[in-house]
Amino acid sequence: MHLLLLHGFTSHPVLTLGPLPEVLREAGFAVAQPTLPGHGTRPEDLLKVRWQDWLKKAEEAYLALPEPRGVVGLSMGALLAAHLAAVHPTVALVALAPAFALQNPLAPLAPYLAWLIPRFPGPNSIEDPLLKRQNPNYPYFPTRAVGELLGLMRGTPKVLPQVRAPALVVEAGRDRVVKGEDRYYALLGSREKRHLVFPESGHDLLLDRNRQEVAEAVRDWLIATSNRLH
């Protein structure tokens, strides 16, 4: 199986996925990790992109992979993954802490607050104090860019019922950033789906204290799913 790995909003395009890419490669999966527009450079570059640009880049990277293809997404990446799985042949979908809704009550007002609060600090996404200090993601982000994330969120509920691929939804029990993973899971049209919770993990599951266990759980589920294809 060829896997597309999609990072989240303000995430480091490679490091935010922690041990997962290497764990998957060691298990025999081919892995691709595209950098979504506005990421991997500086936070201000997020002002230049719309959510459709993220989806376009993800789709181009996905279609460049040989079949059979699967997609793994973290946070915002889990929304993009659902959009891809809804319209393209997909043998597996993994959604890690899908950003179905934001916990910050001010988030929906971000497009209107941008002139007053031009940027926000990066979210509290890692529970372990030592690992938090090593966070590779953007330390802040432009407030106006949240409007694009909100646009992607608004378009996701209608595509989830169109997903038919086997799906795994992984929830962080101490997520302080997003909410609604159960709703994401419920709306999935997949006949075969599973919901896992890691109670001690923050939003960035693959950078927190249970990062290895999360990576291995994803690997084991993908191996079982792949075996059923043969």
Side-chain angles (χ1 to χ4, degrees), residues 1-9 11 17 20 24 29 31-32 34 36 51-52 54-59 61-63 65 67-103 149-175 177-199 201 203-206 210 213-229:
M1 189 189 306
H2 296 81
L3 296 171
L4 183 71
L5 271 55
L6 296 170
H7 63 80
F9 179 69
S11 292
L17 294 171
L20 181 62
L24 293 176
F29 295 103
V31 172
L36 299 174
W51 70 263
Q52 291 90 343
W54 296 326
L55 182 56
K56 180 181 178 184
K57 176 69 174 183
E59 188 168 45
Y62 185 73
L63 293 176
L65 297 177
E67 294 189 27
R69 297 183 291 240
V71 60
V72 179
L74 169 71
S75 192
M76 178 183 80
L79 306 187
L80 298 171
H83 281 257
L84 296 178
V87 296
H88 296 295
T90 308
V91 295
L93 164 67
V94 178
L96 298 157
F100 198 75
L102 296 172
Q103 291 204 23
L149 177 58
L150 293 171
L152 177 60
M153 288 178 174
R154 285 192 293 270
T156 301
K158 67 176 181 287
V159 305
L160 288 168
Q162 300 169 35
V163 176
R164 294 290 179 265
L168 172 67
V169 177
V170 183
E171 179 179 345
R174 296 194 179 186
D175 202 320
V177 183
V178 307
K179 58 185 178 180
E181 294 93 338
D182 52 346
R183 186 75 178 136
Y184 181 105
Y185 177 82
L187 287 173
L188 278 169
S190 310
R191 280 195 306 173
E192 180 189 327
K193 54 185 178 180
R194 188 178 180 195
H195 186 176
L196 288 180
V197 181
F198 285 84
S201 289
H203 179 66
D204 269 309
L205 294 127
L206 291 161
N210 294 124
E213 294 95 321
V214 174
E216 291 173 1
V218 171
R219 175 202 63 195
D220 293 348
W221 183 85
L222 283 166
I223 288 173
T225 301
S226 181
N227 288 340
R228 284 194 289 274
L229 294 175

Compare every heavy atom of A58 with every heavy atom of L4, then report the nearest pair and how far apart it is.
CD2-O, 3.5 Å
Mark yes when over 12 heavy atoms from residues, nucleotides or ligands other than R194 sit less than 6.0 Å from its CZ; otherwise mark no.
no
Find out whether K57 and L80 are in side-chain contact, i.e. whether some heavy atom of one side chain is under 4.5 Å from a heavy atom of the other.
no
Gap between atom CD of Q52 and atom CH2 of W54 - 0.5 Å precision:
9.5 Å
pair L6-M76: side-chain heavy atoms closer than 4.5 Å:
no
To the nearest 0.5 Å, what is the distance between CE on M153 and CZ on F100?
9.5 Å
The reported gap from CD1 in I223 to CD in E216 (rounded to nearest 0.5 angstrom) is 10.0 Å
If you look at every heavy atom in H83 and G155, which pair is closest and at what distance?
CE1-O, 3.6 Å
Intermediate values then yes/no, side-chain contact (heavy atoms from CB on, under 4.5 Å), R69 and L63
CA-CA 9 Å; R69 297 183 291 240; L63 293 176; 3.9 Å; yes
K193 side chain to L188 backbone, donor-acceptor under 3.5 Å:
yes
Where do A81 and L93 come nearest, in terms of heavy atoms and distance?
CB-CD1, 3.4 Å
For the pair Y62 and H88, name the ring-plane relationship: parallel under 30°, tilted 30 to 60°, perpendicular over 60°.
tilted
Y184 side chain vs A78 backbone, donor-acceptor pair below 3.5 Å:
yes
Contact between L96 and V218 at the side-chain level, heavy atoms closer than 4.5 Å - yes or no?
yes
N/O donor-acceptor pairs under 3.5 Å from side chains in residues 157-169, not counting sequence neighbours:
unit_1 : atom_1 : unit_2 : atom_2 : d
Q162   : NE2    : K158   : O      : 3.1
R164   : NH1    : P161   : O      : 2.5

W51 vs L79 side-chain heavy atoms within contact, under 4.5 Å:
no
The reported gap from OG in S75 to NE2 in H7 (rounded to nearest 0.5 angstrom) is 11.0 Å
Any side-chain heavy atom of L74 sitting closer than 4.5 Å to one from L17?
yes
Tightest non-hydrogen contact, residues L205 and F198, listed as CD2-CB, 4.2 Å
Would you mind reporting whether T90 and L84 have side-chain heavy atoms less than 4.5 Å apart?
no
With rounding to the nearest 0.5 Å, note down the distance linking CG in D204 to OG in S11.
5.5 Å
With side chains defined as the heavy atoms from C-beta onward, is the minimum distance between L102 and L150 less than 4.5 Å?
yes
Main-chain N/O of V178 paired with D175 side-chain donor or acceptor, under 3.5 Å:
yes
